Protein chains: 2
Amino acid sequence: MVMAMIPNQAFRPAPLTARDRLLEAGVKLVREQGFSATSVDQLCQHAGVTKGAFFHHFASKEALGVALAKYWSDSTGAFFAGAPFHHAEYPVQRVLGYIDLRIALLAGPVESFSCVAGTMVQEVFLTSEAIRAACEASIMGNAHALEADLAAAIAQSGAREVTAAGLARHAQAVIQGAIVLAKAKGGAAAAGVAREELQHLRRYFAMLFQQEMTDAG
Amino acid sequence: MVMAMIPNQAFRPAPLTARDRLLEAGVKLVREQGFSATSVDQLCQHAGVTKGAFFHHFASKEALGVALAKYWSDSTGAFFAGAPFHHAEYPVQRVLGYIDLRIALLAGPVESFSCVAGTMVQEVFLTSEAIRAACEASIMGNAHALEADLAAAIAQSGAREVTAAGLARHAQAVIQGAIVLAKAKGGAAAAGVAREELQHLRRYFAMLFQQEMTDAG
DNA sequence: ATAACCATACCAACTGGTCGGTATGTTACA
DNA sequence: TGTAACATACCGACCAGTTGGTATGGTTAT
């Protein structure tokens, strides 16, 4: 799915091409206002390009939405692929390490850790099949990255009645739900509410895998 | 929070006043397209009233959003307050009964069980403080209705490290996340994905309360 | 009659999208 | 090597339609 890993632009090299600048503006504006409320003019203004440039790179606003989901997916996927929790010895440690990392990322204002794909799909799941599919790929791709570790953890712990794919989806569901609750709470308390949800997810996984709870975020 | 309980209008008496018809149209259109993508003209057309009627009852589109969250909250609140799971003997049964009811409601197309408050707050949490607060009240009110049974279940089971309020929020978070994943999945498989998430929530609660898993939805 | 309720007509701002045109390469070939 | 042919990236004015919102006037119950 999606998440913070894009705290703000200053920490990453400023995108050079107009296309990248538009996608970067898309990340920011969709997080702040959603997809429907974000206009093409706004995207152009924020990216510092003209409308002509926009429609040179994207056939339509919908096409930008599709590209944005992929851009988001690639960015977040690369971030988690390079995270240190992968080097933990036991699969259960790797699974809990992933959750701990997600917890650590839940800080600051909601728009700094909310999910572009999750936000978009809520709005357009019925009106744009192309964007819906792109968001599904983003969220489910993020889930898929967890499956191997979860399968190993299940095998090692002997957990029954659950599947690796199902648990991976559940992790994404809790993350998405945590973001919704954080948005509802608003203000400085938002991130704390979201972290609390991930703590419950961690406890669930730890219980399933018969692992003692260690400290978390 | 939010949910199906409003499967479709045919099962409830057709609202008579223009205000109610507009709110009913709001439920349907926000579920299908989100709040930003829903125009005042669309709401009027669907409700069978004119723009004059709209702005007679609501000072602005934002005001309708606030009223819609309250309308939604009252409708769903009344539905769950009257549900039979409240009559179960043990608190753990009542908690799991609530989840089983939610699972049973997850059927049909996503727009028939999605959450109006959750959808709205995703889009406008930064741009409309009034709607955000109304959605928070809706979602947290739904959570609050569970707290008494959860507190009793915690007391009876001796569960530690969790609070009734925290678990109540977690239930809402999982429900919201299940809806997001269902929207991403799309099509006929959507409801099944959502039910799977609630099953995980049920398993988590059952483990916390040391209760054996019985059949669920 | 008087106030709540609702319809019609209208407006300025903005919507996604188009279009003709330009500036800067990149390639093909004499 | 020079130049013609083509491609890519971008600009900014413009379009028809839609947006949320207003102004005003007519009904209908009390």
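This structure is a prediction, so every number in the text was calculated from the model and none was measured. These values consider heavy atoms only, across backbone and side chains, with no hydrogens, waters or symmetry-generated copies. In what follows, chains are A, B, ... by sequence order, proteins preceding strands, each numbered from 1.
Separating the CG atom of Leu43(A) from the P atom of dG17(C) is a distance of 12 Å, rounded to the nearest angstrom. Taking atom CG of Asp41(B) as the reference point, atom C1' of dC14(C) lies 14 Å away to the nearest angstrom. Going from atom CD of Gln33(A) over to atom C1' of dT19(D) covers 16 Å, rounded to whole Å. Atom pair Arg21(A):CZ and dC10(D):C1' shows a separation of 11 Å (rounding to whole Å applied). Rounded to whole angstrom, the span from the CZ atom of Arg19(B) across to the P atom of dA4(C) amounts to 15 Å. For Gln42(B) and dT18(D), the CD to C1' distance is 11 Å, given to the nearest whole Å. As a whole-Å value, the separation of Gln45(A) CD from dC10(D) C1' is 18 Å.
What you find for Ala67(B) and Arg19(B) is that their closest heavy atoms are CB-NH2, 4.2 Å. Between Ala137(A) and Ser73(A), the shortest heavy-atom distance links the atoms O-OG, 4.4 Å.
Residue contacts shown for Thr38(B) are limited to sugar-phosphate atoms, with no base heavy atom under 4.0 Å away.
A donor-acceptor contact shorter than 3.5 Å links the side chain of Thr76(B) to the backbone of Trp72(B). Listed for the Arg94(B) side chain is no donor-acceptor partner under 3.5 Å among the backbone atoms of Asp149(B). A donor-acceptor contact shorter than 3.5 Å links the side chain of Glu123(A) to the backbone of Ser36(A).
Residues that satisfy the ring-ring contact (aromatic ring centres under 6.0 Å, His included) test with Phe55(B), not counting sequence neighbours, are absent from this structure.
Residue-environment remark: CD (Gln42(B)) exceeds the threshold of 12 foreign heavy atoms within 6.0 Å.
The stretch residues 50-61 of chain A touches DNA chain C through Lys51(A), Phe55(A), Ser60(A), Lys61(A), each having a heavy atom within less than 4.0 Å of the strand.
Where the helix from dA1(C)-dT30(D) to dA30(C)-dT1(D) starts and where it ends, the local axes point in directions that differ by 10°; five pairs per end, rounded to 10°.
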Under the salt bridge (charged side-chain N to carboxylate O under 4.0 Å, His left out) rule, what do Lys28(A) and Glu24(A) come out as? Steps first, then yes or no, please. CA-CA 7 Å; Lys28(A) 177 180 166 64; Glu24(A) 207 56 46; over 6 Å; no
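Here the two rings, on His170(B) and Tyr204(B), have centers that are under 6.0 Å apart.
Of the two residues near DNA chain C, Val49(B) and Phe35(A), the one whose nearest nucleotide lies more 5' is Val49(B).
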